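The structure under discussion appears below in the form of structure tokens.
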Protein chains: 2
Amino acid sequence: MQRGQESPDAVKVRTLPVQVAALLTRRIVSGDIEDGRAPSELDISREFGVSRVVARETLKILASLDIVEVAQGRRVVVRPRAEWDYLSPLLIEWLPPEIVGELLQELHQMRVLLEPELAAMAAAGITEETLNRLKDGIDRMAVLEADPNAYLEVDHEFHMEICRAADNRILDRIMYSARWLGTASRRITNEAPAGLRRATAEHTEIYEALVARDPEGARAAMRRHLSKNYSTLLAEKGKQTRRAARRR
Amino acid sequence: MQRGQESPDAVKVRTLPVQVAALLTRRIVSGDIEDGRAPSELDISREFGVSRVVARETLKILASLDIVEVAQGRRVVVRPRAEWDYLSPLLIEWLPPEIVGELLQELHQMRVLLEPELAAMAAAGITEETLNRLKDGIDRMAVLEADPNAYLEVDHEFHMEICRAADNRILDRIMYSARWLGTASRRITNEAPAGLRRATAEHTEIYEALVARDPEGARAAMRRHLSKNYSTLLAEKGKQTRRAARRR
DNA sequence: TGGTCCAACTTGTCCTATAAGCTGATGACA
DNA sequence: TGTCATCAGCTTATAGGACAAGTTGGACCA
């Protein structure tokens with residue numbers, strides 16, 4: 001549930017507990033619910049007109065995102081926002097756009113740190129199979145430049161393939177979440193990224209470094225790719241200075 | 001639920017759905033459940049002698065860890081292992097020791113990539129408050145070298161404080177999960193880390209670089225710290241070559 | 001004042017019933 | 001014989017009521 005299995009553009013009917021969880025989270029974020037005091041199962045049941053089962057599942061979802069803490073006998077309490085699971089696309093969809101914008105930047109910062117290293121790690125022991133799949137991806141991307149959604153799907157696969165080749169399940173998981181987060185937020189903001197043609201060229205550079213089993217080259221190519229992406233991201237979203245006075 | 005709110009050494013009574021989820025996961029890992037076919041709510045209910053509500057919550061937990069995929073009307077299906085949420089301490093506790101050992105190494109690899117950069121980022125805009133808390137931590141660590149568990153608690157806080165200073169919620173979340181993972185696995189293997197005295201000295205070096213607002217110095221100090229940790233980790237666990245023929 | 005105990009509240013589990021969605025097989029029609 | 005609509009049966013989603021188990025705060029007693 002935490003991570004969407006649906007394709008990014010699918011119109012999905014969310015279950016009742018997820019809907020209620022969204023409403024509750026928004027209420028917490030907006031400050032309507034004072035910190036530390038979350039509604040009980042019965043409160044939720046009454047207020048939203050749902051069964052206790054649904055109220056229960058709602059709280060379980062919020063607990064799995066570290067938004068609240070629940071234990072038998074004790075009241076549900078709201079956990080510190082700093083520790084919520086911001087890697088979850090579910091949570092991202094419930095947050096207001098200004099926070100999502102900030103998170104997107106922080107997300108990109110993380111990718112800039114990790115992905116070049118992943119590319120370098122992958123270069124060491126990459127298999128012919130993986131290389132073939134990467135080549136496939138590039139070919140398909142070249143054709144899909146007119147269809148951003150489909151392009152991003154393949155883009156996603158391309159990067160994940162490199163992650164997988166780096167042979168580290170923890171890093172793999174992180175990047176998986178991160179990329180899902182990216183598509184989720186893109187779905188929210190309804191923005192299509194620009195510069196797909198250039199992206200294809202950059203992907204090719206990465207690919208060629210991997211073919212040559214050249215860690216340094218792969219790292220550098222990936223870094224170039226991401227830094228350019230970053231600037232287009234900034235150009236698209238405009239306001240770079242929105243993070244100014246956020247922290248508590 | 002996903003991330004433990006309990007202190008690491010607390011004896012916790014797990015809820016029924018969590019217990020069943022653990023059993024089911026182990027069964028999947030051991031190959032007793034053929035890939036793609038997971039038991040239904042009724043199957044679980046019958047087989048484990050629990051109510052359908054519990055069976056339901058079990059599946060929800062497994063779904064939140066991306067172990068299975070559940071949708072109305074469709075059978076529950078087991079998802080590819082490569083995409084399970086290995087950042088979850090819950091899942092880690094259910095996996096066999098050999099896999100946990102591998103994951104610990106991969107985890108450390110991630111820390112080596114991220115934490116030096118976090119330290120450098122933190123050095124830029126660190127506040128006096130944070131510096132004071134770090135100093136506090138070092139003082140306490142110096143006293144606690146005889147009590148590994150308490151020491152690690154403070155160690156954890158020290159590193160998290162630096163994460164927080166780096167002002168990136170995504171990276172913060174990752175490191176939070178990662179360190180929890182570390183303590184969880186340590187609880188499993190029952191191993192106490194060695195070299196606490198040296199660790200304190202290294203923490204001091206990091207702290208001093210931060211005081212000087214020196215990004216390069218902080219990065220270097222953190223890198224030294226982690227590389228040494230890595231070697232003691234290897235020394236403790238012995239078999240370095242256990243990852244040889246794992247990938248399918 | 002200090003401590004014990006209990007009542008009220010809260011979450012955990014169980015049971016039963018119905019609604020809603022999917023899948024595969026059956027059977028009608030061309 | 002091949003194609004497609006339909007439906008029965010299985011599965012998950014939601015509802016309501018009941019009791020068990022754990023926690024908390026206040027009443028009560030010494």
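Only a predicted model underlies this, so the values are computations on that prediction, with no experimental measurement involved. Chain naming here is simple, since letters A, B, ... match the order of the sequence lines and numbering starts at 1 in each.
At least one side-chain nitrogen or oxygen of A:Ser51 sits closer than 4.0 Å to the OP1 or OP2 atom of D:dA15.
Between the B:Arg173 side chain and the A:Glu83 main chain, a donor and an acceptor come within less than 3.5 Å of each other. A donor-acceptor pair under 3.5 Å links the side-chain atoms of A:Asp43 to the main chain of A:Ser40, judged by distance alone. Side chain of B:Glu106 to main chain of A:Arg169: a donor-acceptor pair is present (N/O by atom type, distance under 3.5 Å, no hydrogens or angles). Looking only at distances, a side-chain donor or acceptor of A:Gln19 sits under 3.5 Å from a matching main-chain atom of A:Arg14. Distance alone, capped at 3.5 Å, places no donor-acceptor pair between the A:Arg52 side chain and the A:Leu42 backbone. Looking at B:Arg37, its side chain never comes within 3.5 Å of a backbone N or O of B:Val77 through a donor-acceptor pair.
Close approach of DNA chain C to chain A, defined as any atom under 4.0 Å from a non-hydrogen atom of the protein, starts and stops at C:dT10 to C:dT13.
Summarising the geometry, the separation between CZ on A:Arg46 and P on D:dG16 is reported as 13 Å, rounded to the nearest angstrom. Rounded to whole Å, the distance from CG on B:Leu59 to C1' on D:dA13 is 13 Å. Distance A:Arg56 CZ to D:dA15 C1': 15 Å, rounded to the nearest Å. Rounded to a whole Å, the CD1 atom of A:Ile44 is 17 Å from the C1' atom of D:dG16.
The salt bridge (charged side-chain N to carboxylate O under 4.0 Å, His left out) check on A:Arg56 picks up A:Glu41, B:Glu57, with sequence neighbours excluded.
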Give every pair of a protein N or O atom and an N or O atom of nucleotides 17-20 of chain D that lie under 3.5 Å apart, one pair per line with the distance.
unit_1	atom_1	unit_2	atom_2	d
D:dA18	N6	A:Arg52	NH1	3.2

